[in-house]
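Just so you know, these numbers use all the heavy atoms, side chains as well, and skip hydrogens, waters and symmetry mates. Both counts, for ligands and for their atoms, begin at 1 and track the order of listing. Bear in mind the structure is a predicted one, so any value in this text is a computation, not a measurement. Just so you know, residue 1 is the first one in the sequence shown, and it goes up from there.
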Amino acid sequence: MTKSSSLSRREFLRMAGLGTGALVLAACGKALPAKATTPLPATALPLPDGSDVMIDLTAAPGTANLLPGQATRVWQYQGQLSQGAASSLQTIPDSYLGPILRLQHGQNLKLRFSNQVPDASIVHWHGLSVPDAMDGHPRFAIPQGQTYDYAYRILNRAGTYWYHPHPHGRTGPQAYYGLAGLLIVSDNDEAALGLPSGEFDLPLVIQDRSFDSQNQLVYVADTMNGFFGDQVVVNGQAQHTWKVQARPYRLRLLNGSNARIYKLAWDDDAPFTVIATDGGLLAKPVQRTYITLAPGERVELWADFSTYQPGQEVLLKSLPFSVSTGMMGGMMGSSSGLTNGAALDVLKIQVEPAAGGPFPGLPERLSAPGFYAEQDAVNRRNPRQVTLAMQMVGTLNGRTFVMDEVASDEKVRLGNLEIWEFYNSEGGGMGMMGGGHPHPMHIHNVQFQVLERQIDRQNRQEYEAISAGFVDDGWKDTVLVWPGERVQVLVRFENFAGLYLYHCHNLEHEDGGMMRNYRVES
Ligand code: C2O
Ligand code: CU
Ligand code: CU
């Protein structure tokens, strides 16, 4: 379902304060660029007059019919397309999620964010490389009633990215009440593969929520553990049955939960065929018997339901696993819901007969991901260390977030390739002071490669029950760091100089201050 009307376009123009004569637009069905554009150097990012896609995105209170009976009060992003192909904006009916923005590599996006919720907010484009003023840093948060204008070019390769609020201290509750959406980028290399598309290319945004007896969302969270709900909501809909045809699908999974890690598996033990991670397609498909997906992470699956008979059902579930949060974590307890590692049903799938055919086959090779070489890292002998700890709130190298602060060890040079080592110092017998919390670490403005992981002896047993579900084979912007684990990533700071963030994507850890700036200097 897409929305595009001349009324909305007029409204946008009025709000944008533009005379109608200023823009002569071929409003809808504008041809997409024939050839994907190569990224421009950081110095110049001209937006041609009349950008390719123009969207008006409003965050506002609303309602959604999530459960039978009373409607649920939510906060929602609503989109209006005023320029570009109608397919650029796709709403999900009866969902609290924002519209799916479907953009092409090389396109220019102009987006006016209008904040109509009674709280300061700003939008961040998770996984995209954009100039720092476009990145949704909390210093740009605007109060209710104001607008923020975004204009940037899509430099990322094809992939499943997403957007969500980023005001300091308020990201967790705002995302929880419904402010989140997918941003899907496509490019010519991907299109040439002929992967399942249209209704066979399905997003699966996984979030946990708790409802009260009046069907209203309940948010109770502490900074040490974060929010845990008692049921899973998929695509902003608490409706767990999907009808699919007995044919191949492309499934794009996002863990959009605040704090919950999922250990995903089919109930008939069929393996997953993974074709992409956070930053797009892998070089070739890989198999997993289960997938460990932490908050902020994405994977894409090739799911061939033709292996099922029409009428069969298959359940996607989250398998139980254990996380010893240590003595403090245990004593403090967590929120109302089931804690991390609880067994949960995610989605029931009913297989129906396929229409048409023949169907696309799984390509043997997917992409040339263009990985970096470790020996080119400027600090290969001396990786940059980021130590994660929990002292009532999470810390990064002993520090918490300060709006404009950048420490001397948080500066990087534009163009440099570096190794960053995240070390989760929790666990390892420090139970008295903190216990061990897993931390999904995210760096803004980049995609990185996971170079190496090392787990200490104390945490090995719990780790081995989830680590076979990591997909480190492709580009990542978020990586789970288990208690007692060291994870090295290889990252290049390219495209833009400026002030960006790195943080834990457990949203309550982030809101508690487990976030820091880093500065890219030219
Ligand atoms: Cu989804 Cu600062 O991130
Ligand atoms: Cu991000
Ligand atoms: Cu954390």
Discussion item. Please give me the minimum heavy-atom distance between Asp409 and Arg384, naming the atom from each residue.
Written reply: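 Asp409 and Arg384 have their closest heavy atoms at O-NH1, 2.8 Å.
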Worksheet entry | N, O or S atoms of the protein lying under 2.8 Å from the Cu ion (ligand 3) |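 Metal shell, protein only: His439 ND1, Cys504 SG, His509 ND1.
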Discussion item. So, of the N/O/S atoms that His442 has, which is the nearest one to the Cu ion (ligand 2)?
Written reply: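 Atom name of the closest N, O or S in His442: NE2.
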Parallel, tilted or perpendicular: which fits the ring planes of [X] and [Y], with parallel below 30° and perpendicular above 60°?
X	Y	value
His444	His503	perpendicular
His137	Phe140	perpendicular
Trp125	Tyr163	tilted
Trp420	Phe422	perpendicular

Item to complete: Determine, step by step, whether His437 and Asn340 satisfy the side chain to side chain donor-acceptor pair (under 3.5 Å) criterion, reporting the C-alpha distance in whole Å, the side-chain angles of both residues, the deciding distance to 0.1 Å, and the verdict.
Response: CA-CA 10 Å; His437 299 83; Asn340 237 342; over 6 Å; no
N/O/S from [X] sitting under 2.8 Å away from atom 2 (Cu) of ligand 1:
X	value
His166	yes
His444	yes
His442	no

Item to complete: Compute the centroid of each ring, for Tyr372 and then for Phe448, and state whether the two points are separated by less than 6.0 Å.
Response: no
Item to complete: Give a yes-or-no answer on whether the side chains of His126 and Arg298 include a donor-acceptor pair shorter than 3.5 Å.
Response: yes
Worksheet item: Is any N, O or S atom of His166 under 2.8 Å away from the Cu ion (ligand 2)?
Response: no
